[in-house]
Each structure stands twice: as structure tokens, then as C-alpha cells.
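Before any comments, here is the structure.
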Amino acid sequence: MKEQLKSAFGKAYQIEAADSAELALQIVEECNQAGIHIPVILSDQVMPGIRGDEFLIRIQETNPNTRKIMLTGQASAESVGNALNKANLYRYLSKPWDSNDLLMTVKEAVRSYESDISLSELNKKLEEALLFNRDSGLPNLESLRRRLDLAAEEKEDSLLALIRIESTSLTTRDFGVSLYKDLMKKFLDSMKSILGNYGEIYHVYEDEVAILSKVQEEEFLPHLIAFRILLRSDYFTASGISFRINATIATASGKKELYYKARLALVKASQEPEFDSESGIYSYSEKMDDQDLYKINMDLGKRLNQAIHSGNVVPYFQGIMDNQTGKVEKFECLARIVEDGKVYAPASFLYLAKSTGLLRRISPILFEKALRKFSDSPYSFSINLSETELESPSFPKWAASRMEHYGINPSRVTFEILETASFHGNPERLKVISELKELGAKIAIDDFGVEHSNFSRLLEIQPDFIKIDGKFIQSLERNRTAFILTSAITELAHRIGAKVVAEFVSTPEELKVVRSLGIEYSQGYLIMQPSPDITPVSIKIIE
């Protein structure tokens with residue numbers, strides 16, 4: 001067998017042989033310690049000492065991704081079943097084996113292993129894109145949140161400082177994005193040199209950074225004050241021009257909700273700029289909760305209730321353009337609240353709708369109004385499915401009855417699964433999706449590339465469309481990693497039979513790159529802004 005495999009694979013792989021399971025386990029351990037991948041293991045069943053199924057089960061514990069093949073002429077159904085169930089057996093071959101069958105099986109096993117490794121590496125790159133700022137390379141808000149969640153679980157006392165640069169918009173407007181990024185780099189370098197030894201630095205937003213302190217508050221704060229004094233007295237030079245960076249600094253300490261608390265202190269600092277002339281740093285206090293955030297949420301909650309009762313929750317429509325024809329062929333329905341001539345986007349009310357449970361009332365209202373709107377229109381449309389609908393076993397039947405009532409063929413409707421929706425341990429949610437597909441409706445994964453994105457989700461949902469998150473699309477021109485990941489996601493989608501929608505397409509240059517990747521559809525402000533009307537739109541495509 002070893003000679004047959006050497007003849008087939010040449011020098012591409014090193015092939016080891018062992019005359020007992022004990023020796024094989026030693027070889028596997030040495031490879032693991034040396035970081036050597038083992039794509040395939042072939043094992044006899046009847047061996048002295050450890051049997052084949054027992055050996056493969058032990059291999060599964062240390063090398064779960066390795067493909068395991070059993071060779072047997074005498075194995076019982078029980079031993080084969082044991083290997084299948086507990087060792088994730090790839091295949092078993094009867095003795096005497098056919099040489100061609102053996103080689104083909106091993107080659108397929110190697111190919112399957114390498115494909116999984118490639119997907120794992122791609123997932124890792126997606127994770128990196130999610131967790132790090134693309135310009136500075138520093139960990140971003142998502143990284144900070146995960147770190148704070150971990151600290152809260154372990155009940156660690158920490159101190160978080162948020163630093164917001166107040167002159168960002170003016171600098172960008174007057175000197176351009178490129179110079180601002182250069183200035184930001186110098187600011188971050190200065191921050192690292194002064195504060196880097198006292199905490200972890202995060203690039204939260206373009207104009208906001210954070211530092212999570214590793215030391216006690218009384219030791220950290222003097223250094224933070226020194227950094228603020230430097231900002232007030234020194235200048236940073238970019239492209240031969242000197243700039244003084246104006247920044248607001250707020251802090252919060254404790255074991256949990258530090259980002260929320262520091263953010264609230266930062267808002268308060270903006271409202272009361274003369275809060276502390278001595279240190280210039282605003283610290284969170286519990287009074288801020290009582291006096292500000294709760295009151296704001298109470299007012300918003302009442303307005304949300306009123307909007308639902310008065311029918312002010314309405315769908316707005318944003319076109320999704322065919323990248324080949326340049327014509328809008330379908331629309332996404334987006335929730336809006338219209339009140340006293342003002343239009344409120346979901347960011348201002350959706351979090352309250354979730355926390356109060358009112359989302360359960362908003363989604364059916366939105367779907368009903370969208371069906372009514374499209375009953376007199378030939379266009380297809382998509383609408384978001386929240387976790388509320390996914391948790392309702394009766395939703396598919398209700399949706400079917402409403403589509404029938406308005407005379408809309410389910411094939412015109414696409415339900416978009418938000419990336420915030422988790423399917424882990426929730427088989428009922430997958431059942432809801434399956435029943436919607438049985439009706440003839442389409443399924444899309446929205447904002448692919450963030451939150452719960454991974455490739456097992458594609459297996460679970462088997463979507464008709466994948467909508468690539470705007471963070472990737474807006475970075476395509478200047479970020480090679482974003483380009484590679486978007487290209488890989490597109491190719492993967494096409495291989496599983498799904499079409500791709502690029503979100504947040506806002507410039508002709510972005511559209512050009514999107515089309516070059518073979519992405520079928522585009523959505524964003526370049527095509528059209530959300531509108532209360534279904535407006536036919538077309539863009540001239542220049543080849």
C-alpha cells in the first residue's frame with residue numbers, strides 16, 4: 001500500500017507507515033507537535049493491541065479534520081458503526097482492495113481535507129476584517145466589545161478611556177481623506193508611545209479611539225492627563241502642514257458595560273464642555289443613567305408606541321440593480337417612522353423595538369404594507385426577517401395567506417436573514433426558512449461577512465442570494481484584502497448556486513469593481529436612495 005501511494009503522490013506528500021496503532025499514535029503526536037498537517041490516515045481494523053475503530057476514535061480527539069479510512073476484511077458492523085459515529089469515518093474499504101479504488105478514495109479524501117483548510121483560512125480572514133480597522137490595523141469596536149465581554153465574565157475590574165477627535169470632519173473637508181489618515185497615524189503613534197504600556201489601544205471609529213487600561217486607575221489617569229496636555233500644547237505635521245488635534249476624553253471603570261458608560265460620559269462631555277477645567281477628563285457616574293439615557297429611551301418608547309398605533313410605521317423602498325442591464329429589477333423594503341414631516345431610520349428606534357418586544361408588531365405591519373404596494377407593481381421585492389419571525393412556527397402559513405390575499409406569487413418575494421440572527425441550537429428557525437422556501441419564496445443572507453457569518457451557515461440555509469456587507473464593498477478600491485475576500489465570497493456563492501448582491505455601492509468606481517467581480521446585483525445610494533415610492537431607475541453601464 002505504501003508503494004502504491006508513493007507512486008500516486010510522488011514527493012507531494014510524505015507517507016508514513018506503522019505496524020501498530022501505538023506506533024501510529026506516536027507518529028501523529030510528533031507531527032502535531034511539529035505543526036505538520038495530516039490530511040489522511042488509513043487504518044486496518046484487526047491489529048495487535050488497539051483495534052482500528054478504537055485507534056481512529058483516539059485520532060478524532062486530536063485531529064478531527066483528518067480524513068479517516070478503514071481497511072477491513074473482518075470488521076463487524078458494530079466496529080464500522082463505532083468508527084462512523086465516533087471517529088467521523090470518511091470511508092471504509094473491503095480487503096482485498098482495488099488499487100484504483102484505493103487511490104481515488106485517498107485523492108478525494110486529500111482534496112476534501114484541503115478544501116476544508118482553505119475555507120477555515122478564509123473564515124479567519126473574514127474574522128480579521130471584522131475585528132481590525134482596515135487603515136490602522138488596530139483592533140476595532142467589535143474587538144473591544146469581545147474583550148469587555150470576556151472581562152465581565154471573569155469579573156475583572158478595568159478602566160476604559162474613549163478619545164474622540166473633534167476636528168475630523170473639518171480636516172477631511174478641507175484637506176481630504178488621505179491627509180486625515182496620515183494625521184491619524186501620527187496621532188496613534190503618539191498615543192502608543194505615551195499610553196501603550198498602560199493598556200490596549202483600539203481604533204473604534206475613524207474619529208474615535210479607546211484604551212483599556214491594564215493598571216490601576218490612580219496610576220493610569222496621570223498618563224492620560226499628560227496625553228491630553230500634549231494634545232492641547234503640541235502640533236502634528238502632515239504634508240508639511242501643522243495641525244492641533246482637539247479631542248474629548250471620557251472614562252468609565254468597573255466590571256461591566258464599560259463601553260456604554262464611557263460613551264454616555266462622552267456624550268455628556270459634548271453637552272457640557274466646561275465640566276472639569278482641571279483635568280479635562282469626564283468620568284462616568286450613575287447619575288448620567290438616571291438623568292439622560294433612561295429619559296431618552298422613555299420618550300422614544302412612547303413615540304414608537306404612538307407610531308405603531310397611528311400607522312406611521314411605513315416601508316421605504318431601495319432599488320436593487322441588475323449589473324448587466326443597469327436597470328432596477330427589485331426593491332428592498334426598509335422600515336421607517338414618519339412623524340410630523342420627519343423620517344426616522346431604524347437606527348433610531350429598532351433597538352427599542354427589540355428590547356420592548358414591539359418588533360413583533362412592526363414586522364407584520366411592514367410586510368402587509370409592502371404586499372399592498374407591490375400588488376399593483378410587476379417588481380419583485382425583499383424584506384428582512386427578524387428573529388421574531390424565525391421563532392414563530394406559524395409565520396410561513398401567515399405569510400402564505402397574506403401573499404395569496406394580495407395576489408402576489410411567492411417567487412416575487414425574498415426574505416432576508418439578518419446576520420444578527422443566530423441559528424445555533426435553534427432548529428425551529430431553520431424549519432421556518434425551509435417552509436418559506438417550499439412556498440416558492442427566495443432566501444437571502446444579509447450583511448454577509450459580519451456577526452454570525454461562516455460557511456456552515458451556507459449549508460444550513462442554502463440561500464438564493466448572498467448580500468455582501470458594505471464594509472467590504474466600500475473598501476474594494478483601496479484594500480486588497482477586501483477585494484480578495486469579496487472575490488472569494490462571490491466565487492463561493494456562485495459555486496453553491498447563489499447570486500450575489502453588493503450593498504452600499506455609492507460611487508461609479510465601486511460599481512465598476514463590483515461588476516468586474518461578476519457580482520449580479522448592486523444596491524446603494526449610487527443606484528437610489530430609499531424612497532416611499534417604487535421608482536423605476538436605470539444607470540448607464542459603461543463597459
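Shown here for Ser386 and Ser363, the closest heavy-atom pair between the two residues is OG-OG, 4.0 Å. Closest of all the heavy-atom pairs between Val313 and Lys369 is O-NZ, 2.7 Å. When all heavy atoms are compared, the tightest approach of Ser392 to Val432 is O-CG2, 3.6 Å. The nearest pair of heavy atoms linking Tyr316 to Pro532 is CE2-CD, 3.6 Å. The two residues Pro530 and Gln318 come nearest to each other via the heavy atoms CD-NE2, 4.0 Å. Lys155 and Lys255 get closest at one heavy-atom pair: O-CE, 3.5 Å.
A salt bridge is defined here as a Lys NZ or Arg NE, NH1 or NH2 lying under 4.0 Å from an Asp or Glu carboxylate O, and Arg164 with Glu166 meets this definition. A salt bridge is defined here as a Lys NZ or Arg NE, NH1 or NH2 lying under 4.0 Å from an Asp or Glu carboxylate O, and Asp149 with Arg145 fails to meet this definition. The residues Arg478 and Glu509 are annotated as not salt-bridged, no charged nitrogen and carboxylate oxygen being separated by less than 4.0 angstrom. Salt bridge status for Arg429 with Glu387: present, with a side-chain N to carboxylate O gap under 4.0 Å.
For Asp322, there are no salt bridge (charged side-chain N to carboxylate O under 4.0 Å, His left out) partners two or more places apart in sequence or in a different chain. Tyr180 pairs by the side chain to side chain donor-acceptor pair (under 3.5 Å) definition with Thr168, not counting sequence neighbours. For the side chain to side chain contact (heavy atoms under 4.5 Å, CB included) test, residues two or more places apart in sequence or in another chain that qualify with His203 are Asn133, Ser136, Leu138, Met184, Leu188, Val209. Taking the salt bridge (charged side-chain N to carboxylate O under 4.0 Å, His left out) definition, one finds that Asp234 meets it with nothing, sequence neighbours left out. By the side chain to side chain contact (heavy atoms under 4.5 Å, CB included) test, Lys373 pairs with Phe317, Asp533, Ile534, sequence neighbours left out. Residues passing the salt bridge (charged side-chain N to carboxylate O under 4.0 Å, His left out) test with Glu208 are Arg263, sequence neighbours excluded.
Panel note: side chain Ser190, backbone Lys186; no donor-acceptor pair is recorded below 3.5 Å. Judged purely by atom type and a 3.5 angstrom limit, Asn140 uses its side chain to pair as donor or acceptor with the backbone of Ser143. In this structure, Arg244 contributes its side chain and Arg232 its backbone to a donor-acceptor pair below 3.5 Å. Although no hydrogens or angles enter the test, the distance criterion places a donor-acceptor pair under 3.5 Å between the side chain of Asn323 and the main chain of Ile519. Here the side chain of Glu368 pairs no donor or acceptor atom with the backbone of Pro364 at under 3.5 angstrom. Distance alone, capped at 3.5 Å, places no donor-acceptor pair between the Asp182 side chain and the Ser178 backbone. Arg412 places a side-chain N or O within 3.5 Å of a backbone atom of Tyr379 that can act as its donor or acceptor partner. Panel note: side chain Glu520, backbone Val500; a donor-acceptor pair is recorded below 3.5 Å.
Interatomic distance, Leu212 CG to Leu159 CG, rounded to the nearest 0.5 Å: 8.0 Å. The distance from the CD1 atom of Ile337 to the CG atom of Leu304 is 5.0 Å, given to the nearest 0.5 Å. Taking CZ of Phe504 as the start and OH of Tyr525 as the end, the distance is 8.0 Å to the nearest 0.5 Å. The CZ atom of Phe472 lies 10.0 Å from the OG1 atom of Thr481; values are rounded to the nearest 0.5 Å. Distance OG1/Thr507 to CD/Glu477: 4.5 Å, rounded to 0.5 Å. Taken from CD1 in Ile484 to CG in Asn479, the straight-line distance is 9.0 Å, to the nearest 0.5 Å.
A 4.5 Å side-chain heavy-atom check between Tyr259 and Val204 finds at least one atom pair inside the cut-off. You'll find the side chain of Leu334 stays beyond 4.5 Å of the side chain of Pro346, heavy atoms only. Using a 4.5 Å heavy-atom threshold, the side chains of Leu390 and Ile417 count as touching. Residues Lys330 and Lys442 are not in side-chain contact: their nearest non-hydrogen atoms beyond the backbone lie 4.5 Å or more apart. Looking at heavy atoms from C-beta onward, Phe448 lies out of side-chain contact with Leu492 at the 4.5 angstrom threshold. In this structure, Met191 and Ile211 have side chains that are in contact, with non-hydrogen atoms separated by less than 4.5 Å. Side-chain contact between Asp446 and Glu503: present, with at least one pair of heavy atoms (C-beta onward) separated by less than 4.5 Å. In this structure, Pro508 and Leu526 have side chains that are in contact, with non-hydrogen atoms separated by less than 4.5 Å.
Remark: Arg147 is not positioned above the aromatic ring of Tyr202, lacking an NZ or CZ atom under 6.0 angstrom from the ring centre and at most 45 degrees off the axis.
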Inset, instruction - Using the side chain to side chain contact (heavy atoms under 4.5 Å, CB included) rule, take Thr248 and Tyr282 through it: C-alpha gap first, then chi angles, then the decisive distance, then the call. - result: CA-CA 8 Å; Thr248 302; Tyr282 204 41; over 6 Å; no
Inset, instruction - Could you walk me through whether Leu358 and Leu352 pass the side chain to side chain contact (heavy atoms under 4.5 Å, CB included) test, one step at a time? - result: CA-CA 8 Å; Leu358 290 174; Leu352 277 181; over 6 Å; no
Inset, instruction - I would like to know whether Thr251 and Tyr284 meet side chain to side chain contact (heavy atoms under 4.5 Å, CB included); could you show each step before the answer? - result: CA-CA 6 Å; Thr251 65; Tyr284 165 83; over 6 Å; no
Legend entry - side chain to side chain contact (heavy atoms under 4.5 Å, CB included) assessment of Ser522 paired with Ile527: CA-CA 8 Å; Ser522 291; Ile527 289 83; 3.9 Å; yes
Legend entry - From CA spacing to verdict: side-chain hydrogen bond (donor to acceptor under 3.5 Å, both in side chains), Glu217, Ser213: CA-CA 8 Å; Glu217 184 172 350; Ser213 176; over 6 Å; no
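Counting heavy atoms of neighbouring residues, nucleotides and ligands inside a 6.0 Å radius, atom CD of Glu329 exceeds 12 of them. Other residues, nucleotides and ligands contribute at most 12 non-hydrogen atoms within 6.0 Å of the NZ atom of Lys327. Atom CZ of Arg134 has more than 12 neighbouring heavy atoms from other residues, nucleotides or ligands inside a 6.0 Å radius.
Taking the six-membered ring for Trp and the full ring otherwise, the centers of Phe227 and Phe187 sit less than 6.0 Å from each other.
Considering Thr490, Leu476, Asp447 as possible partners of Ile468, the one that fulfils the side chain to side chain contact (heavy atoms under 4.5 Å, CB included) test is Thr490.
Below 30°, between 30° and 60°, or above 60°: for Phe367 and Phe415 the angle between ring planes is between 30° and 60°, a tilted geometry.
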